[in-house]
2 protein chains.
Amino acid sequence: MIVKRGMNCQFAFSGSKKDFMLASSAIFRRQQFLIRSLGSCTNQTHQKRMQGTKALSGTSLEPDAEHILRAITPTLDRNKHKGMAGKIAVIGGCREYTGAPYFAAISALKIGADLSHVFCTKDAAPVIKSYSPELIVHPVLEESYSVRDQDKLSISGKILAEVDKWMERFDCLVVGPGLGRDPFLLDCVSKILKHARQSNVPIVIDGDGLFLVTNSLDLVSGYPLAVLTPNVNEYKRLIQKVLNCEVNEQDSHEQLLALAKGVGGVTILQKGKSDLISDGETVKSVSVYGSPRRCGGQGDILSGSVAVFLSWARQHLSTAEGGTSISKINPTILGCIAGSALMRKAASLAFQNKKRSTLTSDIIECLGTSLEDICPAC
Amino acid sequence: MIVKRGMNCQFAFSGSKKDFMLASSAIFRRQQFLIRSLGSCTNQTHQKRMQGTKALSGTSLEPDAEHILRAITPTLDRNKHKGMAGKIAVIGGCREYTGAPYFAAISALKIGADLSHVFCTKDAAPVIKSYSPELIVHPVLEESYSVRDQDKLSISGKILAEVDKWMERFDCLVVGPGLGRDPFLLDCVSKILKHARQSNVPIVIDGDGLFLVTNSLDLVSGYPLAVLTPNVNEYKRLIQKVLNCEVNEQDSHEQLLALAKGVGGVTILQKGKSDLISDGETVKSVSVYGSPRRCGGQGDILSGSVAVFLSWARQHLSTAEGGTSISKINPTILGCIAGSALMRKAASLAFQNKKRSTLTSDIIECLGTSLEDICPAC
């Protein structure tokens with residue numbers, strides 16, 4: 001298989017079974033990198049796709065989320081190797097917060113990703129590791145309190161080198177769960193974001209990652225593989241920063257569309273009673289009922305879920321025939337719809353069992369059954 | 001009972017019930033050591049056995065794994081003491097990886113070993129200990145970042161002395177799960193491997209241990225009690241290093257045979273759709289269907305399982321009558337067949353329950369039931 005800049009991206013993924021055999025090899029990783037490097041090409045193709053989609057999907061705001069979930073979830077095949085169902089990395093976890101990155105990373109595994117990494121501070125690592133032996137936890141980040149001013153430059157360089165070693169292997173990054181707001185740490189994460197973008201690795205940004213990018217919009221602006229997942233307050237700050245106005249609940253769809261367009265076509269998943277999703281071209285809504293419990297951590301499940309489904313959607317689109325309705329939709333939108341719908345279904349199931357005592361871990365335990373209900377493994 | 005070099009090894013194990021009474025005593029440990037010291041004798045006997053086996057088993061590639069499991073799994077007997085069902089040690093676990101050594105060590109216990117140790121770095125130890133109070137975790141290894149150049153020699157000596165204190169007690173070492181690739185640490189592990197070999201302790205080598213021995217083949221070359229368990233990429237590197245060619249999928253059996261012979265008759269368990277096993281004399285395959293999930297950590301279960309079954313196979317062969325078909329098979333091959341078959345059965349069972357959300361811990365929870373199905377405890 002030959003991959004060239006400017007060629008048809010669909011072609012670059014042809015012969016998928018053979019490609020899969022190479023999945024964990026350096027050659028395959030390099031190919032994946034080259035394919036990601038064709039992001040701009042994909043995006044142009046996507047722009048054309050979108051024009052078709054609007055005509056095709058008309059004004060249908062609420063997509064058939066279950067159909068999307070079934071379409072993009074990969075079949076389980078005994079010929080596949082470790083890593084081919086997705087390799088996710090969470091950048092988050094500091095002295096103060098350790099639960100959030102764990103929730104995001106373990107959710108990715110429970111949905112069906114093969115490998116889930118966490119890059120966190122040295123203090124947070126032993127704790128996150130102790131939550132689950134299933135995660136690969138890298139104690140590489142540093143907060144200001146542990147770094148002298150004169151060492152900041154060299155330590156920052158080392159941190160970046162540590163993350164870079166792994167960057168090309170990842171199908172998606174989740175940046176923000178439990179990241180905290182330490183200035184030195186956020187400065188390092190800014191650099192990680194720039195490198196991820198250079199390598200065309202998709203990025204889901206949540207929590208303190210949203211605090212970072214709201215203050216430095218250029219980190220994500222114009223990057224079509226970025227997904228922001230703001231809650232009510234994070235959305236409010238984004239609106240104020242980008243559109244310089246207040247949230248308008250009457251024209252919520254138009255405002256979200258304008259916001260996504262304002263950040264250069266990133267995809268935004270606005271969490272709420274219904275989740276609204278836009279990439280600046282179209283708006284979709286996921287309203288399936290979840291749970292009335294609002295315990296902390298549910299957003300972390302969502303970010304991990306979106307990361308997996310976004311990876312799967314890109315894999316699906318790279319191998320699928322071009323003629324289906326789904327193949328015309330932006331994979332970041334597909335990932336958000338699937339992640340939101342599954343999270344809501346799992347929350348609903350957990351609430352049926354646990355009622356007021358439902359916690360985030362209970363919802364995570366329902367992710368597998370919920371996906372199985374929609375899309376049986378075999 | 002008198003044990004002499006050069007005597008029939010079978011005889012050295014006669015009167016097993018009486019010997020078992022001595023199991024945890026220093027005398028018994030010394031006897032075990034002497035018996036292991038007769039490895040070369042065992043191996044010569046084994047060479048003769050193998051000639052018989054080929055005639056006996058003909059070209060049967062797929063052995064009756066359940067029959068082997070039943071034959072080598074020791075009966076549970078109230079007269080036995082702690083340690084007699086197996087004492088396994090995992091050498092692995094560093095700042096970055098803690099899940100892998102835990103998976104290998106806990107799998108050994110869940111199958112039925114009596115004691116499971118982990119020798120890991122000081123950073124990794126508290127985390128691995130926190131996964132389970134069942135393991136004995138020794139925080140003895142060091143990585144370069146925590147050792148000054150001028151201290152390396154003395155620290156290396158101390159590490160070796162710490163491990164040596166225990167070496168003769170172990171029925172099998174598992175070297176590599178979550179070991180990492182720190183040069184100082186790998187240098188220490190090379191020395192541990194040499195000592196294990198001098199003491200005739202069987203060694204299962206996986207993960208980063210394979211990285212080490214592929215670069216220093218003399219560590220295992222010609223050692224009949226070494227088992228290598230490479231995955232696709234690790235196998236590729238071994239083939240390139242030993243046979244100086246690429247993997248040939250058409251002649252996979254012949255190539256594996258040549259590889260095992262090329263490393264001086266070590267046993268190689270090539271993991272894949274079917275697991276292929278060879279000691280350079282024969283090739284066996286385990287194809288019983290497992291699970292299509294490829295989450296990280298399954299290789300660690302396998303290495304822990306092979307370690308237990310290899311120990312049990314040696315114990316069985318030391319006490320069994322010589323006339324059975326199983327008693328003619330290399331115990332490392334028996335251990336690999338049994339470990340592979342049980343791992344696959346457990347993975348299949350876990351997948352039935354958890355489908356896409358199956359994680360390595362779920363498979364470990366099915367090891368006991370899977371073995372009980374094949375070989376009821378009583």
Side-chain angles (χ1 to χ4, degrees), chain A residues 21-26 28 73-87 106-117 119 122 125-140 162 166 308 346 364-373 375-378, chain B residues 93-106 123-132 145 177-178 181 231-234 236-237 247 249 271-274 287 289-300 344 347-348 351-364:
Chain A
M21 298 300 286
L22 299 166
S24 49
S25 73
F28 185 82
T73 299
T75 53
L76 288 168
D77 180 341
R78 59 187 295 190
N79 290 317
K80 290 182 180 173
H81 300 152
K82 183 170 76 175
M84 293 170 80
K87 301 177 292 295
I106 200 75
S107 296
L109 285 182
K110 291 277 186 177
I111 288 169
D114 282 347
L115 292 163
S116 198
H117 294 243
F119 292 81
K122 286 170 182 165
V127 178
I128 299 173
K129 283 171 184 283
S130 75
Y131 292 147
S132 168
E134 314 279 355
L135 305 178
I136 300 165
V137 182
H138 306 262
V140 297
E162 283 283 343
W166 294 88
V308 175
I364 290 170
E365 281 312 301
C366 292
L367 287 170
T369 315
S370 302
L371 184 55
E372 187 63 18
D373 274 355
C375 175
C378 45
Chain B
C94 61
R95 187 166 58 164
E96 209 157 15
Y97 305 112
T98 51
Y102 162 74
F103 288 143
I106 200 75
D123 286 343
V127 177
I128 299 173
K129 285 170 184 283
S130 77
Y131 292 146
S132 168
Y145 71 87
R181 295 190 178 183
N231 64 19
V232 176
N233 288 320
E234 292 155 350
K236 191 177 164 187
R237 283 193 287 270
V247 172
E249 288 181 10
K271 294 181 280 196
K273 194 168 139 188
S274 295
S287 307
Y289 187 60
S291 149
R293 270 289 272 153
R294 294 289 175 267
C295 52
Q298 296 184 57
D300 306 312
R344 283 165 175 261
S348 166
F351 185 74
Q352 278 174 36
N353 298 330
K354 299 287 187 110
K355 303 290 181 184
R356 285 179 201 279
S357 68
T358 308
L359 299 187
T360 296
S361 302
D362 301 315
I363 301 173
I364 290 171

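Each chain gets a letter, A, B and so on, in the order the sequences are listed, and its residues count up from 1. No experiment lies behind these values; they were computed from the predicted model shown.
- Contact count versus chain B (heavy atoms, under 4.5 Å) is highest, among P139(A), S130(A), S116(A), G368(A), for S130(A).
- Both the backbone and the side chain of Y97(B) come within contact range of chain A, with heavy atoms under 4.5 Å apart.
- Among G178(B), P292(B), P126(B), the residue making the largest number of heavy-atom pairs under 4.5 Å with chain A is P292(B).
- Heavy-atom distances place both the backbone and the side chain of E134(A) under 4.5 Å from chain B.
- Checked by atom type and distance alone, the side chain of D373(A) never pairs as donor or acceptor with a backbone atom of S370(A) at under 3.5 Å.
- Across G99(B), G272(B), S291(B), the residue that shares the most heavy-atom pairs under 4.5 angstrom with chain A is G99(B).
- Contacts between T360(B) and chain A at a heavy-atom distance below 4.5 Å involve backbone atoms as well as side-chain atoms.
- Note on A125(A), A85(A), A113(A): by heavy-atom pairs under 4.5 Å with chain B, the leading option is A113(A).
- We find the CD1-CG distance between I364(A) and L109(A) to be 10.5 Å, quoted to the nearest 0.5 Å.
- Among the candidates P376(A), P133(A), S132(A), the residue making the largest number of heavy-atom pairs closer than 4.5 Å to chain B is P133(A).
- Rounded to the nearest 0.5 Å, atoms CD1 (I128(A)) and CD1 (I136(A)) are 14.0 Å apart.
- A heavy-atom distance below 4.5 Å is found between the side chains of K122(A) and R95(B).
- The CZ atom of F351(B) sits 10.5 Å away from atom CD1 of I363(B), with the distance rounded to the nearest 0.5 Å.
- At least one side-chain heavy atom of F119(A) sits less than 4.5 Å from a side-chain heavy atom of H117(A).
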